[in-house]
Participant: 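Quick one: the structure is below, and I'll ask about it shortly.
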Amino acid sequence: MSNKERLENNTESSGGNTNNLLYKKIACFTKKAHELSTLCDAQLGIVIFSPSEEILWPTENQAKERFENYLSFDWDTRKLNLETQENSLDKKMKAQEKNIIKMEQENEEKKMELLFNEVINGKSYLELDARELKGMIKLIALNKTKVDECKKQLQEEDQPIKDNDNNIEEKNDSIPKNNYV
């Protein structure tokens, strides 16, 4: 009898409620392992020790073969492919921290833009505290650099047009002018 048949029989039997729940969870676990194995094209093997028996998935021979295959790799190779829960959570936490810092900076920029608009609309700059004034100075410096970049781009775009205009005038100089008009 295969492990799958044994699990199905045990979940359907009217044995102890604890055993029934255990076998249901094991059946669910093996189903998820099968899905993962199919989706990731990975060879998975499961070994479960319970007080009454040992459960191997997908079959006893395949589970043993996969476990021996895993053990045949040297420790350094296995360690490269092994990621601990702690490392995974650390990576996620660092990514979230970067995201939070970025959002805080964007939030501060928006606050300064609103404050700048209030000052433009008549709020006295004397009412601002030191942090707000520093933020306003940064905002003005940022806007100044943006304006300078736009000015530079416009000058670069305007330069070829002026060169073309000069070339047209030079060409017009070479054409004899009609004095009849």
Side-chain angles (χ1 to χ4, degrees), residues 21-22 24-48 57 66 69-70 73-181:
L21 181 63
L22 174 68
K24 280 183 181 179
K25 291 197 181 262
I26 291 172
C28 181
F29 185 60
T30 56
K31 181 180 176 187
K32 296 285 184 188
H34 177 70
E35 290 173 1
L36 183 63
S37 174
T38 304
L39 287 173
C40 298
D41 193 29
Q43 292 185 352
L44 297 178
I46 299 175
V47 178
I48 300 174
W57 180 87
R66 291 174 183 180
N69 190 13
Y70 173 73
F73 289 106
D74 62 317
W75 175 246
D76 293 331
T77 306
R78 282 188 276 163
K79 198 166 108 177
L80 289 175
N81 295 327
L82 183 68
E83 183 170 342
T84 63
Q85 180 73 13
E86 184 179 349
N87 291 342
S88 177
L89 290 175
D90 281 344
K91 288 178 185 176
K92 288 179 183 178
M93 193 169 73
K94 287 177 183 176
Q96 287 294 331
E97 286 173 354
K98 287 180 182 178
N99 192 23
I100 288 171
I101 290 170
K102 181 181 175 186
M103 290 172 63
E104 286 175 345
Q105 289 172 346
E106 290 173 356
N107 190 23
E108 188 64 25
E109 288 174 10
K110 295 289 183 190
K111 283 182 183 178
M112 289 304 121
E113 286 178 14
L114 289 172
L115 191 60
F116 183 75
N117 288 335
E118 288 177 8
V119 170
I120 295 293
N121 290 331
K123 182 176 181 177
S124 174
Y125 68 91
L126 299 173
E127 298 174 19
L128 305 177
D129 62 9
R131 184 191 63 82
E132 292 172 334
L133 286 172
K134 287 180 182 179
M136 292 280 288
I137 291 170
K138 286 181 183 178
L139 178 67
I140 292 170
L142 181 66
N143 286 338
K144 183 181 182 305
T145 56
K146 287 181 183 178
V147 168
D148 290 341
E149 288 175 12
C150 289
K151 184 178 175 182
K152 185 178 177 181
Q153 286 178 350
L154 286 173
Q155 288 174 346
E156 289 173 359
E157 291 174 2
D158 194 33
Q159 189 65 31
I161 295 173
K162 286 183 179 178
D163 288 342
N164 288 338
D165 289 344
N166 291 339
N167 290 340
I168 292 172
E169 289 175 7
E170 290 172 5
K171 289 179 184 177
N172 287 340
D173 290 342
S174 64
I175 300 174
K177 293 183 180 177
N178 190 346
N179 292 330
Y180 299 113
V181 181

Participant: Taking only distance into account, with no hydrogens and no angle test, what donor-acceptor pairs under 3.5 Å do side-chain atoms of residues 87-109 form with protein atoms, sequence neighbours excluded?
Facilitator:
residue : atom : partner : partner atom : Å
Asn87   : ND2  : Thr84   : OG1          : 3.2
Glu108  : OE2  : Arg131  : NH1          : 2.7

Participant: Would you find more than 12 non-hydrogen atoms of other residues, nucleotides or ligands less than 6.0 Å from Glu156 atom CD?
Facilitator: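 Enclosed: over 12 neighbouring heavy atoms sit under 6.0 Å from CD of Glu156.
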Participant: What distance separates Asp148 CG from Lys146 NZ, expressed to the nearest 0.5 Å?
Facilitator: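 Asp148 atom CG to Lys146 atom NZ measures 12.5 Å (nearest 0.5 Å).
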Participant: If the condition is salt bridge (charged side-chain N to carboxylate O under 4.0 Å, His left out), which residues does Asp129 pass it with, not counting sequence neighbours?
Facilitator: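 Asp129 satisfies salt bridge (charged side-chain N to carboxylate O under 4.0 Å, His left out) with no residue once adjacent residues are dropped.
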Participant: Write down the atom of Leu44, the atom of Trp57, and the distance for their closest heavy-atom approach.
Facilitator: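 The pair with the smallest heavy-atom distance is O-CZ3, 3.6 Å.
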Participant: Between atom CD of Gln155 and atom CD of Gln153, what is the distance when rounded to the nearest 0.5 Å?
Facilitator: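 Nearest 0.5 Å value for the CD-CD distance: 11.0 Å.
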Participant: Which heavy-atom pair separates Ser37 from Ala42 by the least distance, and what is that distance?
Facilitator: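 That would be OG-O, 2.7 Å.
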Participant: Can you tell me how far NZ of Lys24 sits from SG of Cys28, rounded to the nearest 0.5 angstrom?
Facilitator: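 One gets 11.5 Å once the value is rounded to the nearest 0.5 Å.
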Participant: How far does CG of Leu139 sit from CG of Asn143, to the nearest 0.5 angstrom?
Facilitator: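 With rounding to 0.5 Å, CG (Leu139) is 4.5 Å from CG (Asn143).
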Participant: Return a table of donor-acceptor pairs under 3.5 angstrom between the side chains of residues 111-118 and protein atoms on other chains or two or more places apart.
Facilitator:
residue : atom : partner : partner atom : Å
Asn117  : ND2  : Glu113  : O            : 3.4
Glu118  : OE1  : Lys123  : NZ           : 3.4

Participant: Quick one: pull up CD1 in Ile46 and CZ in Arg66 and give me the separation to the nearest 0.5 Å.
Facilitator: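 The CD1 atom of Ile46 sits 10.0 Å away from the CZ atom of Arg66.
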Participant: Please report the interatomic distance CG(Leu36) to CG(Asp41), rounded to the nearest 0.5 Å.
Facilitator: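 With rounding to 0.5 Å, CG (Leu36) is 11.0 Å from CG (Asp41).
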